[in-house]
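First comes the structure, then the notes that go with it.
Just so it is clear, the values below take in all heavy atoms, side chains as well, and ignore hydrogens, waters and symmetry mates. Below, read A as the first sequence line, B as the second, and so on, with proteins coming before strands; counting in each chain starts at 1.
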Protein chains: 2
Amino acid sequence: MIRLAIADDHTMFVDGIESILQEESDLQVMGRCFDGQEVIDFLKDHTIDVLLLDVNLPKLNGIEVCEKVVATYPNIKILAISMFNEESYVTEILNKGALGYILKNTGRKELVKAIHTVHGGQSYFSKEVTQTIMKGLMKQRLHQEQKAKFFPKISKREKQVLRLIIEEHTTQEIADKLFISLKTVESHRSSLLGKMNARNTAGLVRIALENNMLD
Amino acid sequence: MIRLAIADDHTMFVDGIESILQEESDLQVMGRCFDGQEVIDFLKDHTIDVLLLDVNLPKLNGIEVCEKVVATYPNIKILAISMFNEESYVTEILNKGALGYILKNTGRKELVKAIHTVHGGQSYFSKEVTQTIMKGLMKQRLHQEQKAKFFPKISKREKQVLRLIIEEHTTQEIADKLFISLKTVESHRSSLLGKMNARNTAGLVRIALENNMLD
DNA sequence: CTTAAAACTAGGGGAAACCCCGAATTATTA
DNA sequence: TAATAATTCGGGGTTTCCCCTAGTTTTAAG
């Protein structure tokens, strides 16, 4: 017998899931939660095996809930359920310890299968999600390769200066903040222009933002 | 006996709804559609009384489907079901002839009640939806004013200048491209700084990119 | 239709950014 | 160890940017 809890803010959806799962003899829905905080509260008084967790929850979102549940109840397997096949959602919640990620356009058979798989400690993803993960990995590699080709090394100091430029600080203000000379900041600016192949401040900001260079 | 069809692209949701409605003796689910085109095709061969219609559908969205169904089958009552309590969605689909609009966080009892109400030819809205409609009517002007305050209109000329700035062109180059004086471009720049609440070019570029202002 | 608001145009003056040069000390790496 | 890159600064000059004012034209509102 697998004990479940469902966390989703749409009553109609939770009702539906519960109705489907009642027809499975080895599945038992122990609780229903409509926001992230309810999940945390519920788990203090109840023991479950698998948590069906919507990514977009009020109060505490699914990613935060996932993090806390994994930390506090490592035995609970988490199956993320979402409307959105978004790469950021998928990777984030998987990084926080969710075992599976399925979309809401999944049929009842696949849902039941996913629950069993996750309960067994293995991962389960919808086809579309698998593709998204692959694309994400490919993009990251390409992205990093491009980064490495065009901007081999932005030094630590240069990155500080770049961040302050993007935050609309003038060269003098940056000099004051970093306790260095105006001329030194100008030197860093100049180096950045050269390394990033930009013509002026506008290009500096655009290229930096387009390439997520502030992480 | 009320004959129903469900149109929603999320299998899990459709399964759930169907499972709920099967327990109602006077409701019968005749068909399930996963996109707008399927609804149109389905209705050619089947007769139904009430259509549960998701607003966000692939191929043909709910609003378009609603328009066509009302035009072709005036006897079919349409109950819109949506995740989103968005004023634009609500008013649009109601204008196209939908009788009711409920959210997916609606309980099974309210769902059944809404179906019966709509089947009787009367309107039904969730509480939240009613509030949204009222707010929309009352505060349309205020809303637009507030938006206008935080994000004033960027004029056509200013947008041209902004785009060229982000493409790293100097003020002189922009002047040449637009066949206006250097001083005029500087004036547009200045207006942009004021409107976008930026201190310098860096801010201009950052704010423009963060807010997708070049579309 | 009248009037106010916004858009588009432009100039003067000063501040900031940009560029080219050189140069010293410290880290990193080959 | 020796070469390379990073970080630090300066002089001096050109270009660009930014602020203020201000006229004309277009648009929106009363």
Side-chain angles (χ1 to χ4, degrees), chain A residues 147-209 213-215, chain B residues 139-209 213-215:
Chain A
K147 263 190 187 173
K149 278 178 185 171
F150 285 105
F151 320 119
K153 294 166 193 170
I154 299 294
S155 73
K156 190 173 65 180
R157 203 59 156 170
E158 284 164 351
K159 190 180 283 186
Q160 291 176 353
V161 172
L162 180 57
R163 176 172 286 113
L164 291 169
I165 290 172
I166 293 173
E167 288 171 0
E168 298 180 51
H169 296 289
T170 67
T171 303
Q172 185 60 62
E173 289 171 354
I174 295 170
D176 294 342
K177 275 183 187 291
L178 299 182
F179 302 105
I180 54 180
S181 158
L182 175 78
K183 277 296 180 183
T184 305
V185 179
E186 282 189 340
S187 177
H188 289 311
R189 269 190 112 108
S190 189
S191 300
L192 286 168
L193 287 175
K195 286 184 179 178
M196 296 167 69
N197 206 28
R199 293 180 63 193
N200 49 35
T201 306
L204 229 50
V205 175
R206 180 178 56 78
I207 295 168
L209 292 181
M213 292 177 66
L214 297 186
D215 304 338
Chain B
K139 295 185 179 176
Q140 247 185 354
R141 291 173 191 173
L142 264 178
H143 201 259
Q144 283 177 349
E145 280 172 16
Q146 276 184 347
K147 266 189 182 174
K149 276 181 186 172
F150 279 108
F151 224 69
K153 294 163 194 166
I154 302 296
S155 74
K156 190 173 63 182
R157 205 57 155 171
E158 285 163 351
K159 190 180 283 189
Q160 292 176 352
V161 172
L162 180 57
R163 176 172 287 111
L164 291 169
I165 289 172
I166 293 173
E167 288 171 0
E168 297 180 54
H169 296 289
T170 68
T171 304
Q172 185 61 62
E173 289 171 354
I174 296 170
D176 295 342
K177 276 183 188 288
L178 300 182
F179 302 106
I180 53 180
S181 159
L182 174 80
K183 279 299 177 180
T184 305
V185 179
E186 287 185 343
S187 178
H188 289 310
R189 272 191 107 107
S190 190
S191 300
L192 286 168
L193 287 176
K195 287 184 177 178
M196 296 167 70
N197 207 28
R199 293 180 64 193
N200 50 36
T201 306
L204 228 51
V205 175
R206 180 177 55 80
I207 294 169
L209 292 181
M213 292 177 65
L214 297 186
D215 304 337

Test salt bridge (Lys or Arg N to Asp or Glu O under 4.0 Å) on A:K177 and A:E167; report intermediate values, then the result. CA-CA 13 Å; A:K177 275 183 187 291; A:E167 288 171 0; over 6 Å; no
Would you mind reporting whether B:N200 and A:T201 have side-chain heavy atoms less than 4.5 Å apart? no
Measuring only between side-chain heavy atoms, which start at C-beta, is A:E173 closer than 4.5 Å to B:R199? yes
For atom CD of B:E168 and atom P of D:dT16, their distance in whole Å: 14 Å
Is a donor on one side and an acceptor on the other found under 3.5 Å between the side chain of A:S190 and the backbone of A:E186? no
Using whole Å, what does the distance between atom P of nucleotide D:dT7 and atom CD1 of A:I174 come to? 15 Å
Less than 4.0 angstrom between a side-chain N/O of B:T201 and OP1 or OP2 of C:dA17, yes or no? no
Taking only nitrogen or oxygen atoms into account, show me every contact under 3.5 Å that the protein makes with nucleotides 24-27 of chain D, one pair per line with its distance.
none

Set of residues satisfying side-chain contact (heavy atoms from CB on, under 4.5 Å) with respect to A:T184, sequence neighbours excluded: A:I180, A:S181, A:H188
Let me know the distance between CG of A:N200 and P of C:dA16, rounded to the nearest Å. 18 Å
Rounded distance (Å) that lies between atom P of D:dC9 and atom CG of A:D176: 12 Å
Should A:E168 and B:I207 count as side-chain neighbours, where that means a heavy-atom distance under 4.5 Å? yes
Contact pattern, 5' to 3', of nucleotides 5-14 of chain C - B, S or - by protein heavy atom under 4.0 Å: --SSBBBBB-
How many whole angstroms separate atom CD1 of B:I165 from atom P of C:dA17? 15 Å
B:Q160 and B:R157 side chains, donor-acceptor separation under 3.5 Å: yes
Quick one: is C:dA17 close enough that its OP1 or OP2 comes under 4.0 Å of any side-chain N or O from A:T171? yes
Is the count of non-hydrogen atoms from other residues, nucleotides or ligands lying under 6.0 Å from B:D176 atom CG greater than 12? yes
Using whole Å, what does the distance between atom P of nucleotide C:dA17 and atom CG of A:L192 come to? 14 Å
What is the distance, to the nearest angstrom, from the NZ atom on A:K159 to the P atom on D:dA6? 13 Å
Is any side-chain heavy atom of A:V185 closer than 4.5 Å to a side-chain heavy atom of A:L164? no
